[in-house]
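Structure, as structure tokens:
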Amino acid sequence: MSNDIEEKGLTPTEINDLINLIKKIHGFDFSGYSKASLKRRLARIMQLKRLEYYDLKHLLINDAEFFQHFLEEVTVNVTEMFRDPLFYKAINSEVLPYLTTFQQIKIWSAGCSSGEEVYSMAILLQEAGLRKKSFIYGTDINTEVLKEAKKGIYSLRKIKSYAENYQYTGLPGTITDHFTILYDAATIHTELKQNTLFSVHNLISDNDFNEFQMISCRNVFIYFESHLQEKILDLFYHSLCPLGFLCLGSKEAIRSDAFKKRFKTINSKENIYQKIGT
């Protein structure tokens, strides 16, 4: 079976019809997603499930369980603890010293997937002595990965694979110091789960819901067209307190001239910005 969706008969018009159908029935708007990325993911779903266009359309309309699987495939959940360690080193040295001046620190991890980035941030805050006055909100569009995030239980194999990332951050000890190990599973320590909240949030359609001192959103923008990136940047801008930090990581940056004027660059390699204005 070919990977080419055009050979499958999935035309641009049919893709747009699917986008409109999903928005109408399920309330998810994929119109601003990168067309190239969306095409690849649709092709993968159709190939794996051996579906033609009308089969896919029928399942999206009538099968809620299939739609959940569809959402998991399209919204891509690739994450790991302390991914890109230099990002965390930059947060530790250039952001946390400033955050210590706040009486309370509220952090939003947008597109948090299965929670590894939230717990990485919790460990970073704990080692800096800021955990007790911090609260981390982890949000994602995908309810299934949020269930995993709330549990904070990961395979021991995964945790061991994150050990090198942890070491490169320069934090003391080892990553397993922050987990309770039982057989082949590792559970994040209870104190690191405290002051965290995981909930569903759609960056495209939902509004701001708090005022944050820091927002972290990595490997999300690359799946959106530029106009949608600007819409989300506007959401982040209005969600940050004056002089709050927006942390995008090395793979993404603020490219809009209008938004470059609204943020000061703190770290150009890790794309860490500080809000200008109120």
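Below, all heavy atoms of this structure are taken into account, side chains as well, without hydrogens, waters or symmetry copies.
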Y168 OH: over 12 foreign heavy atoms closer than 6.0 Å: no

Donor-acceptor pairs under 3.5 Å, side chain of residues 185-194 to any protein atom, not counting sequence neighbours: which ones?
residue, atom, partner, partner atom, Å
H189, NE2, F179, O, 3.2
K193, NZ, K150, O, 3.2
K193, NZ, K151, O, 3.0

Verify the distance criterion only: is there a donor paired with an acceptor across the side chains of T139 and W108 at less than 3.5 Å? yes

Rounded to the nearest 0.5 Å, what's the gap from OG1 on T265 to NZ on K260? Could you check? 8.0 Å

With a 6.0 Å cut-off on ring centres, are Y137 and F212 close enough? yes

Shared hydrophobic cluster, L240 / L130 (ILVMFWY, side-chain heavy atoms < 4.5 Å): no

Salt bridge K57-D17, side-chain N to carboxylate O under 4.0 Å: no

Do we see a donor-acceptor contact under 3.5 Å between the side chains of N165 and E80? yes

CZ on F236 to CG on L246, rounded to 0.5 Å: 6.5 Å

Connected via hydrophobic side-chain network under 4.5 Å: V118 and F135: no

To the nearest 0.5 Å, atom NE2 of H201 lies from atom CG of N207 at 7.0 Å

Qualifying residue, where the test is side-chain contact (heavy atoms from CB on, under 4.5 Å) with S134 and the options are T196, L124, I105: I105

Shortest non-hydrogen contact from E117 toward S216: OE1-OG, 4.3 Å

Just so I know, are the side chains of V200 and D140 near enough to count as touching, which here means a heavy-atom distance under 4.5 Å? no

Please step through side-chain contact (heavy atoms from CB on, under 4.5 Å) for the pair Y54 and L59, ending with a clear verdict. CA-CA 9 Å; Y54 289 104; L59 287 169; over 6 Å; no

Heavy-atom pair of closest approach, residues F198 and C112: CD2-SG, 3.9 Å

To the closest 0.5 Å, what do you measure between CD (E211) and SG (C241)? 5.5 Å

Do K275's NZ or CZ and the ring of F263 fall within the cation-pi criteria of under 6.0 Å and 45°? no

Hey, does the side chain of N16 reach the backbone of T13 with a donor-acceptor pair shorter than 3.5 angstrom? no

Is any side-chain heavy atom of N267 less than 4.5 Å from a side-chain heavy atom of Y273? no

List for me each residue that meets side chain to side chain donor-acceptor pair (under 3.5 Å) alongside N202, sequence neighbours excluded, and say none if there are none. S205

Sub-4.5 Å side-chain heavy-atom contact between N210 and K106: yes

What residues, two or more places apart in sequence or in another chain, satisfy ring pair (Phe, Tyr, Trp, His ring centres under 6.0 Å) together with F87? none

Looking at every heavy atom in both C217 and E252, which two are closest together, and how far apart are they? O-OE1, 3.8 Å

What about I272 and I232, same hydrophobic cluster or not, with Ile/Leu/Val/Met/Phe/Trp/Tyr joined at side-chain heavy-atom distances under 4.5 Å? no

Taking the side chain as every heavy atom from C-beta outward, state whether L243 and Q213 have any pair of such atoms under 4.5 Å apart. no

Between F70 and I141, is there a shared hydrophobic cluster once you connect ILVMFWY residues whose side-chain heavy atoms come closer than 4.5 Å? yes

Salt bridge between R262 and D234, side-chain N to carboxylate O under 4.0 Å? yes

Less than 4.5 Å apart, any side-chain heavy atom of M214 and any of V95? yes

State, to 0.1 Å, how close L96 and A128 come at their nearest heavy-atom pair, and which atoms those are. CD1-CB, 3.8 Å

Side-chain heavy atoms under 4.5 angstrom apart, residues restricted to Ile, Leu, Val, Met, Phe, Trp, Tyr: same cluster for I181 and Y162? yes

Please test F67 against I22 for side-chain contact (heavy atoms from CB on, under 4.5 Å), starting from the C-alpha separation and ending with a verdict. CA-CA 9 Å; F67 178 71; I22 291 166; 3.8 Å; yes

Pairing of R83 and E116 as salt bridge, 4.0 angstrom limit: no

Show the numbers, then the answer: is there a side-chain hydrogen bond (donor to acceptor under 3.5 Å, both in side chains) between T169 and Q167? CA-CA 5 Å; T169 64; Q167 184 180 2; over 6 Å; no

In the structure I gave you, are the side-chain heavy atoms of V220 and L203 within less than 4.5 Å of one another anywhere? yes

Under a 4.0 Å N-O cut-off, is there an ion pair linking E144 with K147? yes

Ignoring hydrogens and angles, state whether a donor on the side chain of Y166 or H178 is under 3.5 Å from an acceptor on the partner side chain. yes

Do the non-hydrogen side-chain atoms of L60 and L18 ever get within less than 4.5 Å of each other? yes

Please examine the side chains of F82 and I123, heavy atoms only from C-beta on, and report whether any two atoms are closer than 4.5 Å. yes

Should the heavy atoms of other residues, nucleotides or ligands under 6.0 Å from NZ of K89 be counted, would the total exceed 12? no

Can you tell me how far apart CD1 (I204) and NZ (K231) are? Round to the nearest 0.5 Å. 7.5 Å

State whether K49 and D55 are salt-bridged, where the test is any N-O pair (Lys NZ or Arg NE/NH1/NH2 against Asp/Glu carboxylate O) under 4.0 Å. no

Tightest non-hydrogen contact, residues T79 and S113, listed as CG2-OG, 3.8 Å

Quick check for you: to the nearest 0.5 Å, what is the distance between T176 atom OG1 and L156 atom CG? 8.5 Å

Where is the tightest heavy-atom contact between L99 and K133, given as atom of each residue plus distance? O-NZ, 4.3 Å

